[in-house]
Novice: 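Can you read through this structure? Questions will come right after.
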Amino acid sequence: VEPDGRHWYATLIGAGKVLKFDRDNRVVDSASLEVPGLMALHPARDLLVVARSMSAVNPPRRLALIRRSDMKVLDEVDIFFPRPHAIATNGDYAYVASLGVNQLASVSLDSGTVQLVDVDGPQHTLTQFALSPDRRWLVATASSSGRILVFSLADPATPAFAHEVPLEAGPFESAFTADGRHLVVTNLDANAVTFLDTRTWAVEAVVKDSAFRQPHGVAFERATHAARSPRPRPSSLPEIVMTSMQDLRSFVLVQVLRS
């Protein structure tokens with residue numbers, strides 16, 4: 001979703017399309033792309049960065065750059081490793097990681113230069129990134145090895161491994177709170193959600209509920225939603241929206257309460 005809410009985007013894997021919708025959920029434009037997957041909006045430029053679907057058997061080893069205003073595919077950058085899936089951008093660089101091998105890459109959005117970074121450890125299956133609001137940290141969920149991997153972006157061109165935190169089974173996606181002090185991770189294989197303190201990277205809480213049903217995507221509500229909510233609560237206590245892998249038609253709304 002764009003910051004002003006005027007447009008939002010979706011990928012159709014089987015149809016090979018990236019769709020652009022308006023705020024009334026009408027399709028206003030599209031781009032053709034082989035097995036598109038996760039996306040990241042550039043924070044300042046007219047640009048959408050697109051990786052490839054995890055369901056594709058042998059997806060292209062390329063990262064796509066799409067101009068959002070007219071949905072033109074500007075470039076497809078060779079990444080070299082198989083199954084590029086996790087995606088994020090801090091503005092100057094795009095970051096992409098492989099489902100198949102323990103590697104990630106930074107891609108300069110000015111020069112197109114690709115820098116590969118090897119990741120130690122067992123097979124991780126690097127699933128998705130979360131970028132901290134201050135752009136200091138890049139967090140990767142490792143769904144096979146059951147952990148998150150935290151990389152420092154002190155040098156944005158070369159993410160440097162800094163921490164790893166073992167979690168419940170199947171960490172899939174994650175999101176930072178707006179102030180960057182907390183990270184929420186969905187644990188797809190454990191029907192759980194994990195809360196971490198990013199000052200220490202310690203696990204604060206693990207929440208399990210049968211309603212989660214393989215929690216998948218995660219996002220925090222925007223402040224505008226809080227103003228429209230019929231339930232009175234302090235605006236500093238965000239709600240978390242999670243999608244379910246078992247039931248793709250539903251989502252779960254979790255209200256965060258602090259004592």
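For the numbers below, each heavy atom of this structure counts, side chains included, while hydrogens, waters and symmetry mates do not.
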Novice: Examine distances only and state if a side-chain atom of Ser152 and a backbone atom of Ala160 form a donor-acceptor pair shorter than 3.5 Å.
Specialist: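 Not a single qualifying donor-acceptor pair exists.
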
Novice: Can you find a pair of side-chain heavy atoms, one from Asn187 and one from Phe212, that are under 4.5 Å apart?
Specialist: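 No; the side chains remain at least 4.5 Å from each other.
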
Novice: Identify whether Tyr95 and Trp137 are in the same connected component of the hydrophobic contact network (ILVMFWY, side-chain heavy atoms under 4.5 Å).
Specialist: no

Novice: Listed by chain and number, what are the salt bridge (charged side-chain N to carboxylate O under 4.0 Å, His left out) partners of Lys17, not counting sequence neighbours?
Specialist: none

Novice: Any luck finding a side-chain donor-acceptor pair between Glu168 and Thr194 under 3.5 Å?
Specialist: no

Novice: So, taking the atom named CE in Met54 and the one named CG in Leu99, what distance separates them when rounded to the nearest 0.5 Å?
Specialist: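 Rounded to the nearest 0.5 Å, the CE-CG separation comes out at 5.0 Å.
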
Novice: Applying the 4.5 Å side-chain criterion to the ILVMFWY set and letting contacts propagate, would Leu104 and Leu131 be lumped into a single cluster?
Specialist: yes

Novice: Please determine whether side chain to side chain contact (heavy atoms under 4.5 Å, CB included) holds for the pair Arg147 and Val165, giving the CA-CA distance in whole Å, both sets of side-chain angles, and the decisive distance to 0.1 Å.
Specialist: CA-CA 5 Å; Arg147 66 195 75 185; Val165 184; 5.9 Å; no

Novice: Is it true that atom CG of Asp120 has more than 12 heavy atoms of other residues, nucleotides or ligands lying nearer than 6.0 Å?
Specialist: no

Novice: Return the minimal non-hydrogen interatomic distance between Leu138 and Ala88, and the atom names on each side.
Specialist: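 Result for this residue pair: CD1-CB, 4.2 Å.
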
Novice: How far apart are the closest heavy atoms of Asn102 and Pro122, and which atoms are they?
Specialist: ND2-O, 2.7 Å

Novice: Determine the interplanar angle of the Trp201 and His163 rings, folded into 0 to 90°, and report it as parallel if under 30°, tilted if 30 to 60°, perpendicular if over 60°.
Specialist: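 Trp201 vs His163 ring planes: tilted.
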
Novice: Considering the options Val107, Val77, Val73, which one meets the side-chain contact (heavy atoms from CB on, under 4.5 Å) requirement together with Leu65?
Specialist: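 Going through the options one by one, the only one that passes is Val77.
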
Novice: Counting only N and O atoms by type, is there a donor-acceptor contact under 3.5 Å from the side chain of Thr11 to the main-chain atoms of Gly37?
Specialist: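 Flag set: sc Thr11 to bb Gly37 pair under 3.5 Å.
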
Novice: For Val117 and Phe161, run side chain to side chain contact (heavy atoms under 4.5 Å, CB included): C-alpha distance rounded to whole Å, both residues' side-chain angles, the deciding distance at 0.1 Å, then the answer.
Specialist: CA-CA 9 Å; Val117 177; Phe161 174 76; over 6 Å; no

Novice: Show the numbers, then the answer: is there a side chain to side chain contact (heavy atoms under 4.5 Å, CB included) between Phe172 and Thr127?
Specialist: CA-CA 6 Å; Phe172 209 82; Thr127 305; 3.9 Å; yes

Novice: Going from OG on Ser98 to CD1 on Ile79, what distance comes out if it is rounded to the nearest 0.5 angstrom?
Specialist: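 These two atoms lie 10.5 Å from each other.
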
Novice: Is the shortest heavy-atom distance from the side chain of Glu173 to the side chain of Thr141 under 4.5 Å?
Specialist: no

Novice: Are Phe81 and Val119 linked, directly or through intermediate hydrophobic residues, by side-chain heavy-atom contacts shorter than 4.5 Å (ILVMFWY only)?
Specialist: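 Not linked; separate clusters.
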
Novice: Using a 6.0 Å cut-off, check whether atom CZ of Arg135 has over 12 heavy atoms from anything other than its own residue.
Specialist: yes

Novice: Identify whether the distance between the nearest side-chain nitrogen and carboxylate oxygen of Arg52 and Glu76 falls below 4.0 Å.
Specialist: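 Yes.
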
Novice: Under 3.5 Å, is there a donor-acceptor pair between the side chain of Thr186 and the main chain of His216?
Specialist: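 Yes.
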
Novice: Ignoring hydrogens, what is the shortest heavy-atom contact between Asn90 and Tyr93? Give both atom names and the distance.
Specialist: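 Of all heavy-atom pairs spanning Asn90 and Tyr93, the closest is OD1-N, 2.8 Å.
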
Novice: Quick check: do Pro156 and Asp92 have side-chain heavy atoms less than 4.5 Å from each other?
Specialist: no

Novice: As an exercise, state the distance from NZ of Lys20 to OG of Ser69, rounded to the nearest 0.5 Å.
Specialist: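 Output value for this atom pair is 6.5 Å.
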
Novice: Testing the basics here: between Gly170 and Asp189, what is the closest heavy-atom pair and its distance to 0.1 Å?
Specialist: CA-OD2, 3.5 Å

Novice: Treating Arg83 as the side-chain partner and Pro59 as the backbone partner, does any N or O pair qualify as donor plus acceptor under 3.5 Å?
Specialist: no

Novice: Taking Thr158's backbone N and O only, do any of them form a donor-acceptor pair with Ser106's side chain (distance below 3.5 Å, no angle check)?
Specialist: no

Novice: Side chains of His42 and Thr89: donor-acceptor distance under 3.5 Å anywhere?
Specialist: no

Novice: Is there a side-chain contact between Leu153 and Arg136 in this structure, where contact means two heavy atoms from C-beta onward sitting under 4.5 Å apart?
Specialist: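 When only atoms from C-beta onward are counted, Arg136 and Leu153 do not touch, as no gap falls below 4.5 Å.
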
Novice: Please list all pairs passing the ring-ring contact (aromatic ring centres under 6.0 Å, His included) test where one or both residues lie in residues 21-41, with sequence neighbours left out.
Specialist: Trp8-Phe21

Novice: Decide, yes or no, whether a salt bridge links Arg45 with Asp110 under the criterion of side-chain N to carboxylate O below 4.0 Å.
Specialist: yes

Novice: Out of curiosity, Phe80 CZ to Gln103 CD, how far, rounded to the nearest 0.5 Å?
Specialist: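 Atom-to-atom, Phe80:CZ and Gln103:CD are 10.5 Å apart.
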
Novice: Is it true that Asp24 and Arg26 make a salt bridge, defined as a side-chain N closer than 4.0 Å to a carboxylate O?
Specialist: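 Here Asp24 pairs with Arg26 in a salt bridge, since their nearest N and O are under 4.0 Å apart.
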
Novice: With a 3.5 Å distance limit and no angle check, can you tell me whether Ser132 reaches the backbone of Gly180 through a side-chain donor-acceptor pair?
Specialist: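 Between the backbone of Gly180 and the side chain of Ser132 there is no qualifying donor-acceptor contact (under 3.5 Å).
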
Novice: Counting C-beta onward and ignoring hydrogens, is there a side-chain heavy-atom pair between Pro82 and Arg61 closer than 4.5 Å?
Specialist: yes

Novice: Say whether Ser108 and Thr113, considering side chains only, have a donor N or O and an acceptor N or O under 3.5 Å apart.
Specialist: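 The criterion, which ignores hydrogens and geometry beyond distance, is not satisfied for Thr113 and Ser108.
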
Novice: So which heavy atom on Ala192 is nearest to which on Pro215, and how close?
Specialist: O-CG, 3.4 Å

Novice: Quick check against the 3.5 Å criterion: does Asp4 have a side-chain atom that pairs as donor or acceptor with the backbone of Arg6?
Specialist: yes

Novice: Any side-chain heavy-atom pair from Val114 and Asp78 closer than 4.5 angstrom?
Specialist: no

Novice: If I take atom CD from residue Gln214 and atom CG from residue Leu188, how far apart are they, to the nearest 0.5 angstrom?
Specialist: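 Here the rounded value is 4.5 Å.
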
Novice: Applying salt bridge (charged side-chain N to carboxylate O under 4.0 Å, His left out), name anything that partners Asp155, two or more places apart in sequence or on another chain.
Specialist: none

Novice: To the closest 0.5 Å, what do you measure between CG (Leu33) and CE (Met71)?
Specialist: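 Leu33 CG to Met71 CE: 9.5 Å, rounded to 0.5 Å.
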
Novice: Side chains of Tyr9 and Ile66, heavy atoms from C-beta outward: is any pair under 4.5 Å?
Specialist: no

Novice: Decide side chain to side chain contact (heavy atoms under 4.5 Å, CB included) for Leu41 and Arg68; before the verdict, give the C-alpha distance in whole Å, the side-chain angles of both, and the deciding distance to 0.1 Å.
Specialist: CA-CA 9 Å; Leu41 273 77; Arg68 301 200 309 258; 4.1 Å; yes

Novice: For the side chain of Asn191 and the backbone of Asp209, is there at least one donor-acceptor N/O pair under 3.5 Å apart?
Specialist: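 A pair under 3.5 Å: no.
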
Novice: Can you check whether Ile13 reaches Ser55 side chain to side chain, under 4.5 Å on heavy atoms?
Specialist: yes

Novice: In the single-linkage hydrophobic clustering (I, L, V, M, F, W, Y; side-chain heavy atoms under 4.5 Å), do Val218 and Val207 co-cluster?
Specialist: yes

Novice: Quick check on the hydrophobic clustering: are Val96 and Leu47 connected, directly or via other members, by side-chain heavy-atom contacts under 4.5 Å?
Specialist: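 Result: yes, single cluster for both.
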
Novice: Taking all heavy atoms of His124 and all of Ser145, pick out the closest pair and write down the distance.
Specialist: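 In terms of heavy atoms, the two residues are closest at ND1-OG, 2.7 Å.
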
